[in-house]
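Below, chain A is the first sequence line, B the second, and so on; all start at residue 1.
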Amino acid sequence: MLVYRRGKRLKGSGFTLVFVGNELSGSRLGISVHRVIKGAVRRNRIKRLIREVFRLRRDLFPQQCDIVVTVSPDFRFTSTGSLQTAVADLVCPGISCRHEV
RNA sequence: UGGGGCGGGCGCAUGAUCGCUCCGGCCCGCGGCCGGGGAGGAAAGUCCGAACACCACAGGGCACGGUGGUUCGUAACGCGAACUCCGGGUAACCGGGGGAAAGUGCCACAGAAAAUACACCGCCGAUGAGCCGCUUCCGGGCGGAAACAGGCAAGGUUGAAAUGGCGAGGUAAGAGCUCACCGCUUCCAUGGUGACAUGGAAGGCAGGGUAAACCCCACCGGGUGCAAGACCAAAUAGGGAAACGCUUGAAGGCUGCCCGCCUGAUGUUUCCGGGUAGGUUGCACGAGAUGCCGGGCGACCGGCAUCCCAGAUAAAUGAUCAUGGUCUGCGUAUGCGGAAACAGAAUUCGGCUUACAGCCCGCCCCAUUUU
RNA sequence: GCGCCAGUAGCUCAGCAGGACAGAGCAGGAGCCUUCUAAGCUCAAGGCCGGGGGUUCGAGUCCCUCCUGGCGCG
């Protein structure tokens, strides 16, 4: 709730990144996949992909933040590679935003 | 070889690296190390049946709901097996199953008529009465028309469905009125645990459809569901309003209702306001799995041995790379590229139903060819 | 997870226990009225009743099954 109220939003194709700074030593990740995406298999698949990108390339994400990834129904990524480049394209201008916070 | 029917199985494999989660052990202070386990045939839909838990262990009556050939199997079932009858198919095989002579309702349109076999159109007019003609031994006889009484149910363009079918005899015309065959009903005998089958005799036609309409018969069903339930901890408040009631009894347990039973008094219910929405358990050894042997036509059952095989809580079971296999596009080929379904446990089992790329195995039927 | 409801015209709903009853209102279309618009009046169009099987002579209605949407719980 706090993240949604105070967080910065970065809108990508198929998902939205919401984040806010915290007082902890590291970042925390939350994933929100709406029920309009049909089938538990597809929803689980999306969550696993996002979690995997977060694990492998934590440097791409904002540091020391609570991050929520909200997935839209038009989410089309099927491999970690394509999702990773999409996150990188989204966050690279996003780093400058973080400095303004 | 082609086409078809039925049943069963698999549903990518192996290795490396980095992660997630549970269990056991160790250092035992956070945390880390080692070893092991980690989605499915449907985990799905939630359509049935149970286990388990609570509700006075649930008593009686009426409702209500479900099932429906028979006999087995099963903890139980609306599931399965075998058999039986009916329907479809050349066949393998597939689909269906109580009662319509206990009663009630409905059957549009069309049609004479839709359940009572009557009326209507119609057929006959032998018999009885009357009319006309011919004849006469004056008693009557023969022929004709009409259709009064009367007889009849053969035929009647319909419709989904029309009151046994067909043939012969019979008659004035006809009719199970009579007969043969078929169908039907009843009875008897034989076989079978039984549904039922086979054979015989008699009756002389009684019978429309619809019970996935009400209903009748037989059997079954108390209700609610793991957010059931049990325990621990924390927090806030013993707040305000309304209704009913304080032993002639509110309200609740307990399902739809009634009876009966139990609980029951600064109480119960509803609304407003406020707080917590954590942990443990239920919860992973079970109608359990695998193999062998035995019984049974089969579903299935019995015995022995071995094994322990997911337990998450916003929810783990993943990612990358390599090699190999399957299918497929291009190419003579080495090869290069692509694809891989349906779908994700949440208290647990037994079924049913639905979804499913590709592939494998077995049995059977039909047609064709060769011997 | 468990337990329940609903689906009919573009929208909101009727449709009794199965038969020419597939209907009402609004919206949209055409015409009349008016100098024009609104209101009013008249007219027609619009539906395989969520999909597929079955029962029946006949199904929007009865039975089964699937799909879609919605609701409740401690």
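When both pairing distances are held under 3.5 Å, A153(B) makes no Watson-Crick or G-U pair with any nucleotide shown. Using Watson-Crick or G-U wobble geometry with both donor-acceptor distances under 3.5 Å, A197(B) finds its partner in U190(B). Base pairing annotation: G337(B) forms a Watson-Crick or G-U wobble pair with U328(B), both donor-acceptor distances under 3.5 Å. Using N1 to N3 plus N6-O4 or O6-N4 for Watson-Crick, or N1-O2 and O6-N3 for G-U wobble, each under 3.5 Å, G275(B) pairs with nothing.
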Walk me through it: do F54(A) and V87(A) pass the test side-chain contact (heavy atoms from CB on, under 4.5 Å)?
-> CA-CA 10 Å; F54(A) 181 74; V87(A) 170; over 6 Å; no
Just do the side-chain contact (heavy atoms from CB on, under 4.5 Å) check on V69(A) and L29(A) with the steps written out, would you?
-> CA-CA 8 Å; V69(A) 180; L29(A) 179 70; 4.0 Å; yes
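Partners of R58(A) by salt bridge (charged side-chain N to carboxylate O under 4.0 Å, His left out), not counting sequence neighbours: none found. Under the side chain to side chain contact (heavy atoms under 4.5 Å, CB included) criterion, S72(A) pairs with D74(A), not counting sequence neighbours. Checked against side chain to side chain contact (heavy atoms under 4.5 Å, CB included), R55(A) has the following partners two or more places apart in sequence or in another chain: E52(A).
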Which donor-acceptor pairs under 3.5 Å do side chains of residues 39-49 of chain A form with protein atoms, sequence neighbours excluded?
| unit_1 | atom_1 | unit_2 | atom_2 | d |
| --- | --- | --- | --- | --- |
| R43(A) | NH1 | I37(A) | O | 2.9 |
| N44(A) | ND2 | A40(A) | O | 3.4 |
| R45(A) | NH2 | T78(A) | O | 3.2 |

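For G41(B), the base is syn relative to its sugar; the glycosidic angle is within 90° of 0. Glycosidic conformation of G139(B) is syn; the angle stays within 90° of 0. Shown here, A20(C) is classed syn by the O4'-C1'-N9-C4 or O4'-C1'-N1-C2 angle, which is within 90° of 0. Applying the 90° criterion around 0 to the glycosidic angle, A228(B) comes out anti. G28(C) shows a glycosidic angle more than 90° from 0 and is accordingly assigned anti.
Scanning all heavy atoms of the two residues, the minimum distance from F75(A) to F15(A) falls at CE1-CD2, 4.1 Å. Listed here is the closest heavy atom pair of A88(A) and L60(A): CB-CD2, 3.9 Å. Of all heavy-atom pairs between L90(A) and K11(A), the closest is CD1-O, 3.5 Å.
For residues 79-86 of chain A, proximity to RNA chain B is found at T80(A), defined as any non-hydrogen atom under 4.0 angstrom from a strand atom.
Across the protein-nucleic acid pair, I31(A) atom CD1 and C20(B) atom C1' stand 13 Å apart, rounded to whole Å. Distance CD1 (I50(A)) to C1' (G19(B)): 17 Å, rounded to an integer number of Å. Between R43(A) atom CZ and G344(B) atom P the separation is 8 Å, expressed in whole Å.
Remark: RNA chain C forms stems of 3 or more consecutive Watson-Crick or G-U wobble pairs, all pair distances under 3.5 Å, at C:1-7 with C:67-73, C:10-13 with C:23-26, C:29-32 with C:40-43, C:50-54 with C:62-66.
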Is there any protein nitrogen or oxygen under 3.5 Å from a nitrogen or oxygen in nucleotides 316-318 of chain B, and what are the pairs?
| unit_1 | atom_1 | unit_2 | atom_2 | d |
| --- | --- | --- | --- | --- |
| U317(B) | OP2 | R48(A) | NE | 2.8 |
| U317(B) | OP2 | R48(A) | NH2 | 3.3 |
| G318(B) | N2 | R55(A) | NH2 | 3.4 |

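How far OG1 of T80(A) is from CD1 of I50(A): 12.5 Å, rounded to the nearest 0.5 Å.
Under the 4.5 Å side-chain contact rule for hydrophobic residues, L17(A) and L56(A) do not share a cluster.
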